[in-house]
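See structure below.
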Amino acid sequence: MPVIFHPKDRSFHLYNDQISYVFTVLKNGQLGQLYYGKRIADRSSFEHMLVMRSCVMGPCTYRDDPNFTLEGIKQEYPAYGTGDFRDPAYQLRLADGSRITNFVYVSHSIQKGKPTLKGLPATYGGEEEVTTLAIRLQDEKIGCEMEISYHIFENLPVITRDVRFENHGQQPVMLERALSAAMDFYDADFEMVQLDGAWSRERHVHTRRLQSGIQNISSARGASGHFHNPFLALKRCSATENSGEVYGFSLVYSGNFLAQAEVDVYDVTRVMLGIHPFEFEWKLQTGDSFQTPEAVLVYSDQGLNGMSHAFHDLFREHLMRGVWKNRTRPILLNNWEATYFDFTEESILNIAKKAKELGVELFVLDDGWFGQRNDDKSSLGDWNVNTQKIPSGIEGLCSKINELGLDFGLWFEPEMVNEISELYKAHPEWVIGVPGRDHSYGRNQYVLDFANPEVVDHIYHAMKNVLGKANIRYVKWDMNRNITEAYSTTLPADRQKEFFHRYILGVYDLYDRLTTDFPQILFESCASGGGRFDPGLLYYAPQGWTSDDTDAVERLAIQYGTSLVYPLISMGSHVSASPNHQTSRQTPLKMRADVAYFGTFGYELDVTRMEDEEAQAVKKQITYFKEHRDVIQYGDFYRLEDGSRGLYSWMAVSKDRKKAVMAYYKVMAVPNTSLKKIRAAGLDPDLCYHCEENGLTLGGDELMNFGMLCEIEAAGSGGCGTDQGDFTSHLFTLNAK
């Protein structure tokens, strides 16, 4: 049993072969944190781990015990106002206006398996894979209960946490803050790793040394956002990609979030993660409950790569669902950058026909197929086919694409509406905004009020009508602007701060209904590229459009950072035209493919305009990827070079360590420089590997300790170098002998 309760000191020990997590019931009935890290042996009592720091000016809980002050005790789910002056994990406003609560331990239960979270995405696992510990706490004075649930996975260094509040009292209470997890560490000797960016440069890795005070990342945009990802890691300052301690935290949620590390004056670090308290409040009437999203905690003593492997395996095996969970992704061609809005049925079929000849497996029709959609100023919300562009309708076009031997996919933007649309004419009140005030107009569109179930229901039936008439196998679900003037006409005044959470629950509801009705469809989430690339959506859409920026050089940083948390099989990655449409950079076709291989892989360009030499190169690229995509999408991914030297390198290794694909990328050429080599990771040191590209057979130990020589750069002496200048890439395909 991986969860043990010790009655002597009322401590709980959650453990597997890799990790231990220990906490206790304090003498005031609240929960105290004792240990989280590498597996330790169980013992009958852990009371020696409980350190109560005497704080000279700290308020004491008990008059006869000056050492028991919450300011100096590590806690599991701290409150504010009774001695701990740091940010709390939760806060309730009571009927009399006070915010002081006292939730104390009442009971606990241990069960095999993992319950679902109603209306929310969450990880899952069977009775042999997960054990759940539920701690029930109660504030007897107000009649409210809190249940903190811990879920430990049998074969992963992972614990997930969530909290449910229930009001059994006679008066309504207002939940003003409800984070999903809190964790107190003994020290602050950490660097905080986060993923930052903006549209077209999402999820760049940013590392900073923890300082006294609060450092956080967040979103209050109605979506997890381009700017920060709902993830942070604390790593020891000496930790590297392959060694040292790392603690990773991720939130299975797609709306407003807060991820925070607070260092107090005693160098205790408190990490908290959950729904952003800004513009959040939830009214709990008698009998009502509120469920927080799930927080994921990962421990690694094998550096950042070890943390990433845990996240990747968890998300692949215990978050993604349905028929696409363990199915390799089809190589697709999307027409967007080839045609934008300017296409006809004939031109689409010509592109599809050529794509099939090259080996593409799925054709995706992007924006512009519905209403009177010839630009981005009209028709969002009117999900009926434009027969002027597509005379045979979606079902007819789909049938013709299928006859070519390709699957067919379609673009939607369900959460948006244009002012010039039939939907807006019929229901202007369905747009988010405050009546009588101006509405911000972004990307020529408004956001529909998905906090209103009637709106969600209408969009569901409109999409179902399209998807049910044709053999559609893929949906690209876009979302191209964030929420402003947050207000729902369907919510009363004292519930308006529930809006943001209710909105994302509406999005989840629509996803759930459509994925249930159409299990054969591969849904890809998109939000102007990577504006909502988070674990919450992976539960419904097992891959996401990583970024609107398809430039190979920028994608190196984007995909590198994304891989810290998300598996390659979830990362939409395409080869697009050169010069690139986002950066105007010109890069070789080889490098564009070598970067895009490490994801789901596809193309976003007009293949009918290719020269024969380029078309043949694309054909070879597709053949290569089909041969090796199982290794890339299901193997272990290792980051080898982080770009700090102008070089990126990474590799994917099959789970049995018999196959690997290693890649090396140089951004800018450097004259007369040193030799370059990269050291592999994850191979079997006792096996020999044959490299397809250079014909060498080398030992796994040699490849990991000496490395692979990559290039000899030109030194200005008659072109003696073997490398080809800027934007160079090399692949090494390794097979065990």
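Excluded from the calculations below are hydrogen atoms, water molecules and symmetry mates; all remaining heavy atoms, backbone and side chain alike, are included. For reference, positions follow the sequence shown, starting with 1.
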Problem set entry | Output field: ring centroids Tyr648/Tyr665 closer than 6.0 Å | no

For this session: Verify whether the ring centers belonging to Tyr487 and Phe499 lie closer than 6.0 Å.
Result: no

For this session: Apply the test side-chain contact (heavy atoms from CB on, under 4.5 Å) to residues Trp477 and Glu415: give CA-CA distance (whole Å), side-chain angles for both, the deciding distance (0.1 Å), then the verdict.
Result: CA-CA 9 Å; Trp477 182 314; Glu415 300 158 66; 2.9 Å; yes

Problem set entry | Distance-only side-chain donor-acceptor flag, Gln302 / Asn242, under 3.5 Å | no

Problem set entry | Donor-acceptor side-chain pairing of His204 and Glu554 below 3.5 angstrom | yes

Exercise. So, do Ser440 and Glu485 sit near enough that their side-chain heavy atoms are less than 4.5 Å apart?
Worked result: yes

Problem set entry | Geometric cation-pi criterion Arg373 and Trp383, 6.0 Å radius, 45° cone | no

Exercise. Taking the six-membered ring of Tyr539, is NZ or CZ of Arg321 closer than 6.0 Å to its centre and within 45° of its axis?
Worked result: yes

Main chain of [Y], side chain of [X]: is a donor-acceptor contact present, judged purely on distance under 3.5 Å?
{"X": "Glu202", "Y": "Gly531", "result": "no"}
{"X": "Ser573", "Y": "Phe601", "result": "yes"}
{"X": "Asn480", "Y": "Ala527", "result": "no"}
{"X": "Arg629", "Y": "Arg329", "result": "yes"}
{"X": "Thr116", "Y": "Lys118", "result": "no"}

For this session: Could you check Val364 against Leu333 for side-chain contact (heavy atoms from CB on, under 4.5 Å), going step by step and ending with a plain yes or no?
Result: CA-CA 6 Å; Val364 179; Leu333 186 139; over 6 Å; no

Problem set entry | For Asp407, side chain to side chain contact (heavy atoms under 4.5 Å, CB included) partners two or more places apart | Leu362, Arg473

For this session: For the pair Asp366 and Lys476, evaluate salt bridge (Lys or Arg N to Asp or Glu O under 4.0 Å) and give the outcome as yes or no after the intermediate values.
Result: CA-CA 8 Å; Asp366 210 281; Lys476 181 179 178 180; 3.3 Å; yes

Exercise. Looking only at heavy atoms, what is the nearest atom pair of Leu514 and Lys464, with distance?
Worked result: CD2-N, 4.4 Å

For this session: Specify the closest pair of heavy atoms between Leu251 and Pro293, including all atoms of both residues, with the distance to one decimal.
Result: CD1-CB, 4.2 Å

Problem set entry | Asp551/Arg201 under salt bridge (Lys or Arg N to Asp or Glu O under 4.0 Å): CA gap, chis, key distance, verdict | CA-CA 10 Å; Asp551 170 50; Arg201 53 178 177 84; over 6 Å; no

For this session: Please identify each residue that fulfils salt bridge (Lys or Arg N to Asp or Glu O under 4.0 Å) with Asp376, with sequence neighbours left out.
Result: none

Problem set entry | ring pair (Phe, Tyr, Trp, His ring centres under 6.0 Å) involving Phe363 - partner list, sequence neighbours excluded | none

For this session: Start with the C-alpha gap between Arg513 and Asp517, add the side-chain angles, then the distance that decides, and say whether salt bridge (Lys or Arg N to Asp or Glu O under 4.0 Å) holds.
Result: CA-CA 6 Å; Arg513 294 163 76 177; Asp517 288 348; over 6 Å; no

